[in-house]
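One structure is given below, encoded as structure tokens.
The model shown is predicted, which means the values in this text are computed figures rather than measured ones. Every heavy atom of this structure was used, including side-chain atoms; hydrogens, water molecules and symmetry mates were not.
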Amino acid sequence: KKYLLIILLLCFYKNYAQEPIQEAYVSRTNVLNIEDEEWNEVNYSSMVDIFSNRQGQLKIANAEFLTELSGGKAKMLDKSAYITAVLDSQVLTKSKTEKNGLLNLTYEGKLVFKTYEGSYAPPVKVTFIVNQADVIGLKIHNNENSKDYALDLTIKD
């Protein structure tokens, strides 16, 4: 009976362990300039990589995109160690299921940009758009910037 209890505890631990990180890339980026309320599609010179899960973990890798997302306050360097930003201190503030079955999970926290000059960590609101178990889109609002970003994601195989 002791062994059965240990096996049950191990199964319980494995089932409720942290959700795995999904790797994806941005297939389309739309930017909303809040001042003129107009969405525009934007392309970047290299792929924007996204590592995320439904529990609000998020890591973005692309110097050009992150420099723009920070409003130029985080000077990211392409082909260096300074090409990523990580969502930190995230708190789930809203959960909504759409009519089409998509789940919107909104987290608020700080997006930490590590740069060669130090770090920049503005407060952000990130909405994860989830289809079944996959994060298929993100909406990012940097509270210190007058732009919103809508990212369509394609999952890497």
Side-chain angles (χ1 to χ4, degrees), residues 8-34 37-71 74 76 78-114 119-157:
L8 287 174
L9 286 173
L10 287 174
C11 290
F12 178 80
Y13 177 75
K14 184 177 180 183
N15 288 338
Y16 290 95
Q18 188 171 348
E19 184 176 325
I21 298 293
Q22 167 190 297
E23 293 184 38
Y25 64 90
V26 175
S27 54
R28 191 172 81 193
T29 304
N30 288 306
V31 179
L32 171 67
N33 189 336
I34 295 172
E37 297 182 11
E38 193 172 314
W39 285 98
N40 293 307
E41 188 170 346
V42 177
N43 294 307
Y44 298 98
S45 59
S46 62
M47 191 180 319
V48 179
D49 290 315
I50 304 289
F51 306 89
S52 64
N53 67 18
R54 294 177 300 171
Q55 296 176 337
Q57 291 185 303
L58 175 64
K59 179 180 178 181
I60 304 169
N62 180 293
E64 182 183 8
F65 172 74
L66 291 172
T67 299
E68 182 180 314
L69 179 63
S70 73
M76 311 302 280
D78 217 1
K79 298 180 183 172
S80 77
Y82 305 106
I83 61 166
T84 62
V86 176
L87 184 61
D88 192 28
S89 305
Q90 65 270 34
V91 175
L92 180 64
T93 58
K94 186 177 178 183
S95 177
K96 180 181 176 187
T97 303
E98 300 289 337
K99 291 179 185 176
N100 58 6
L102 295 180
L103 177 62
N104 292 330
L105 301 170
T106 302
Y107 289 88
E108 292 187 26
K110 297 214 176 266
L111 191 60
V112 180
F113 298 78
K114 293 183 179 169
S119 66
Y120 168 64
V124 295
K125 184 176 3 177
V126 180
T127 300
F128 292 73
I129 302 164
V130 180
N131 183 13
Q132 297 175 347
D134 297 326
V135 178
I136 61 166
L138 294 171
K139 293 180 185 172
I140 304 172
H141 174 75
N142 176 348
N143 294 349
E144 295 180 359
N145 200 346
S146 61
K147 295 180 182 177
D148 284 342
Y149 295 82
L151 311 174
D152 291 342
L153 303 181
T154 299
I155 299 164
K156 291 183 179 179
D157 293 326

Going from [atom1] on [X] to [atom2] on [Y], what distance comes out if it is rounded to the nearest 0.5 angstrom?
X: Ile136; Y: Asn131; atom1: CD1; atom2: CG; result: 4.5 Å
X: Thr127; Y: Glu108; atom1: OG1; atom2: CD; result: 9.0 Å
X: Lys147; Y: Asn30; atom1: NZ; atom2: CG; result: 13.0 Å
X: Ser52; Y: Lys59; atom1: OG; atom2: NZ; result: 12.5 Å
X: Leu102; Y: Thr97; atom1: CG; atom2: OG1; result: 9.5 Å
X: Trp39; Y: Tyr149; atom1: CH2; atom2: OH; result: 10.5 Å

Could you report the tightest heavy-atom contact between [X] and [Y], atom names first, then the distance?
X: Val135; Y: Leu153; result: O-CD1, 3.8 Å
X: Glu68; Y: Val31; result: OE2-CG2, 3.9 Å
X: Ala121; Y: Val112; result: CB-CG2, 4.1 Å
X: Gln55; Y: Tyr107; result: C-OH, 3.2 Å
X: Met47; Y: Tyr25; result: SD-CB, 3.2 Å
X: Val124; Y: Asn142; result: CG1-CA, 3.9 Å

No-hydrogen, no-angle side-chain donor-acceptor test under 3.5 Å, Asn62 and Ser46: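 Judged by distance alone, the side chains do pair up.
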Asn104 and Glu98: side-chain donor and acceptor closer than 3.5 Å?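 Note: Asn104 and Glu98 side chains meet the donor-acceptor criterion.
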Expected output: side-chain Thr106 to main-chain Thr93 donor-acceptor under 3.5 Å: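 Flag not set: sc Thr106 to bb Thr93 has no pair under 3.5 Å.
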Between the main-chain N or O of Tyr44 and the side-chain N or O of Glu64, is there a donor-acceptor pair closer than 3.5 Å?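 No; zero donor-acceptor contacts below 3.5 Å.
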Do the side chains of [Y] and [X] get nearer than 4.5 Å, heavy atoms only?
X: Leu92; Y: Leu105; result: yes
X: Ser95; Y: Leu103; result: yes
X: Ser70; Y: Asn145; result: no
X: Gln22; Y: Asn53; result: no
X: Phe128; Y: Leu58; result: yes
X: Ile129; Y: Lys139; result: yes
X: Ile140; Y: Leu151; result: yes
X: His141; Y: Asp148; result: yes

Going by the salt bridge (Lys or Arg N to Asp or Glu O under 4.0 Å) test, which pairs reach into residues 43-57, not counting sequence neighbours?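 Found Glu19-Arg54, Asp49-Lys156.
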Would you please test Val126 and Leu138 for side chain to side chain contact (heavy atoms under 4.5 Å, CB included) and show each step? CA-CA 7 Å; Val126 180; Leu138 294 171; 4.1 Å; yes
Looking at Glu37, I want to see if its CD is surrounded by more than 12 non-hydrogen atoms of other residues, nucleotides or ligands under 6.0 Å.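 Incorrect, the count does not exceed 12.
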From the options Thr84, Thr67, Ile60, Leu69, select the one residue that forms a side-chain contact (heavy atoms from CB on, under 4.5 Å) with Phe113.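 Going through the options one by one, the only one that passes is Leu69.
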